[in-house]
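What you see below is based on every heavy atom in this structure, not just the backbone, and it leaves out hydrogens, waters and symmetry mates. Naming: A, B, ... by sequence-line order, numbering from 1 per chain.
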Amino acid sequence: MAPKAINYKSGSIIYFKGDVGDKVYILNSGKVSLNYLDIETGQEIHELIKTGEFFGVKSALGRYPREETALVLQDSTVIGFAVPEFEALAAQNTRVIIKMLKVFSNQLRRIHKRVQTLLNVEELGKPETGLYKIGEYYLGNRQYTQALYAYKRYLVYYPSGTHSADVTRKIELTEEYLSKYGQGKGPEANPEAEGTPAPVPRAGREPAMAAQAAPAAQPGLQTGDRFGPGAAEPDRAAGGAAGARRPAGDADGGGGARAPSRELSDAAKAYYNAVSLVSQQKYQEAFQEFQQIAGSDKDAEYSSKSQFEMGRCLYFLGQKDACIRTFTQLVQKYPKHPELKEALFYVGRCYEDKGDKARAKGFYGKILTMVTEEDPLYRKARKALKSIGA
Amino acid sequence: MSNGKTLSMFDRFRVTFEKGEVIFCEYEPGDTFYLIQQGRVQIAKIMGEIEKTVAILQPNELFGEMAILEEAPRSATAIALDPVTALAFNRENFEILLQGYPQIALKLLKLFSVRIYDQKRQFMILTLDDVEAKVADVFLMLAEREPINMAEVESMEFKATVDDIAHWAGISPAKCREVINHFVTQRRVELHPDRIVVRNINDFARFVSTRRRYQERNLA
């Protein structure tokens, strides 16, 4: 099938935004406008295509929906190429592709930069720390050649960086291990690590995403971060490729004084263990766990979170009176609890289930005054009110 | 394409790597990109405690191509899986490559098309100000890559980890874990060691579009 010339009347549409199409077009004669919303400003953009220009290239080659609507402004003739036809044409006309590549790489550079700017604000990730951690990771996994590469690059780029003294020592150590034990072999723990030897992290040893793997719950946290893979890194959960390099204790981004790290990790670990029990519908066991955390008061944040979860467990267990009591305590103890509105909703539900429509109505009504219409809870509360005939 | 004559023309760009050798390392600045001629190259990222293989590349494939754009830190590590021969180029001499290998130009054109789209999509995620909406939108983005009609399904399973999601959402893995655990307690998400299940993807779609509209209205 050869490329086809197609005639369009003024006012017709060659393709709509969102269409899936596999054709690349070239404007032979006439006037075509590409209309789309700028993703940053939200403003409507009209881009005129000149005769001889290609359009629809990116979405056809990248096989994703059209990002703009191609509107015909004057009677026009366009030639439509299927992707293989376009490729055949382009292979014989390198100049055209190089021109396109320049346009595309400019677009890519622009959007890439914007994305990076947004990411950097959030991630606080520094290439220096990143490179260091790559070395640490490979040393911990006894991939010595890879570790050496990363460490040596670190010294090239950051000869007087934060970790350069440590890296220099690690290079010696890694070279020693490599010649003594060989790639992939060697001692389990890094002998340089002070204090209790912790297991060397190994690839796939434990999926870092398991629900119960609390970010702050690492042993060896108190040994400091100078001796990488042996003493579990303080921010291992937050480290790695894309992650923010934040101290693990700061998982919530909250500032201010915090409980000692040891307490924090225990409470956090216990909390996430219990959350995992909830997701397995083991409400009774989860309730007991949460009760312990809420009662210990070691970490105010996890105590208050646990108080909320206790109420939810009781709700799922069908213990309505206990559920109401628990949430009432929560409201009294933590009047600014982030889940306060949800708590009120559960109380409303309990009263509704108990047949106390008047009280249920009171609680649902209260929620409507506390949240904006955009909040999913608003919809839920209004729906609940409707269903009890209020 | 790769007849003897063309190859010899590019001899001066040829580099070789031993099996297991690191070609470049994540976070390292770099201005070189490579076209593999022989051997395979593993592209990996370290996420948390896990080394994740992003791709295994074969002869005639390109890597490190973002270096054409700017000398930005590498976003992944490239390791030779076999003895590797490659052509190494940079911004200055890559037009020579394109003239000798026009099919590379097409490959790059396709690669850039996909990259631009992916970056725009990620930009949309990052501009959401609500962190739960960001995480939900990452799942939507992953769902859009599947060849299914989202309106026709409810539950969707993703072979992704919390760290992957955090990476796309531009938040710390710790924060991401917290958000996902919250979704778990709301029973909107199931978290498994090797996958994440979104119970109702359309619920996420509604949630994200509501947040986006709300944000736009506040801006206006």
Side-chain angles (χ1 to χ4, degrees), chain A residues 39 42 58 61-62 64 87 90-91 94 97-98 100-101 104-105 107-109 111-112 114-115 118-119 122-123 127 130-131 134 137 145-146 149-150 153 157 201 203-205 207-211 215 236-244 246 248 251-253 272 275 278-279 309 312 374 376, chain B residues 20-22 25-29 45-51 68-70 73 76-77 79 95 98-99 102-103 105-106 108-110 112-117 119-120 122-124 126-127 161-163 166-167 170-175 177-178 181 184-185 190-191 193-194 207 210-211 214 216:
Chain A
I39 58 167
K58 283 198 299 270
L61 292 186
Y64 48 77
E87 285 176 2
T94 326
I97 329 184
I98 290 183
M100 273 188 193
L101 261 181
F104 283 15
S105 68
Q107 290 180 1
L108 182 53
R109 185 181 306 154
I111 182 73
H112 183 73
R114 293 198 173 138
V115 167
L118 284 177
L119 280 177
E122 297 274 352
E123 278 200 20
L131 199 50
I134 301 280
Y137 170 84
T145 48
Q146 285 88 341
Y149 180 92
R153 298 314 268 178
Y157 297 112
R205 187 196 68 189
M209 53 157 298
R236 71 161 257 284
R246 272 211 221 137
D252 300 289
Y272 287 113
V275 165
V278 173
S279 69
E309 295 299 332
R312 271 167 41 89
E374 304 296 337
Chain B
E21 199 176 337
V22 178
C25 179
E26 195 178 345
Y27 295 106
E28 177 186 351
K45 274 174 96 77
I46 291 170
M47 296 186 152
E49 248 182 50
I50 293 175
E51 184 185 41
I68 307 169
L69 304 181
E70 57 204 314
T77 300
I79 299 174
E95 281 199 23
L98 297 188
Q99 272 146 20
Q103 83 274 29
L106 265 169
L108 268 178
L109 215 54
K110 281 187 183 170
F112 282 4
S113 298
V114 174
R115 283 280 159 75
I116 291 170
Y117 184 79
Q119 292 273 308
K120 280 184 181 165
Q122 191 180 12
F123 185 85
M124 298 299 286
L126 296 174
T127 49
T161 63
V162 172
D163 286 14
H167 166 60
I171 59 178
S172 73
K175 182 81 208 167
R177 186 180 310 279
E178 189 188 313
N181 276 329
V184 169
T185 60
E190 287 166 29
L191 187 55
D194 59 336
F207 171 53
T210 307
R211 286 304 311 179
Y214 177 65
E216 277 161 13

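- Inspection of the Y149(A) and E28(B) side chains reveals an N or O donor paired with an N or O acceptor under 3.5 Å.
- Scanning all heavy atoms of the two residues, the minimum distance from L131(A) to E26(B) falls at CD1-O, 3.4 Å.
- Across R114(A), E309(A), E87(A), the residue that shares the most heavy-atom pairs under 4.5 angstrom with chain B is E87(A).
- Contacts between A150(A) and chain B at a heavy-atom distance below 4.5 Å involve backbone atoms as well as side-chain atoms.
- Taking the side-chain contact (heavy atoms from CB on, under 4.5 Å) definition, one finds that S113(B) meets it with K58(A), L61(A), Y64(A), F104(A), sequence neighbours left out.
- The residue among T145(A), L101(A), I97(A) with the most heavy atom pairs within less than 4.5 Å of chain B is L101(A).
- Q119(B) meets the side-chain contact (heavy atoms from CB on, under 4.5 Å) test with L108(A), I111(A), H112(A), V115(A), Q122(B); sequence neighbours excluded.
- One finds the CE atom of M100(A) at 9.5 Å from the CG atom of L106(B) (value rounded to the nearest 0.5 Å).
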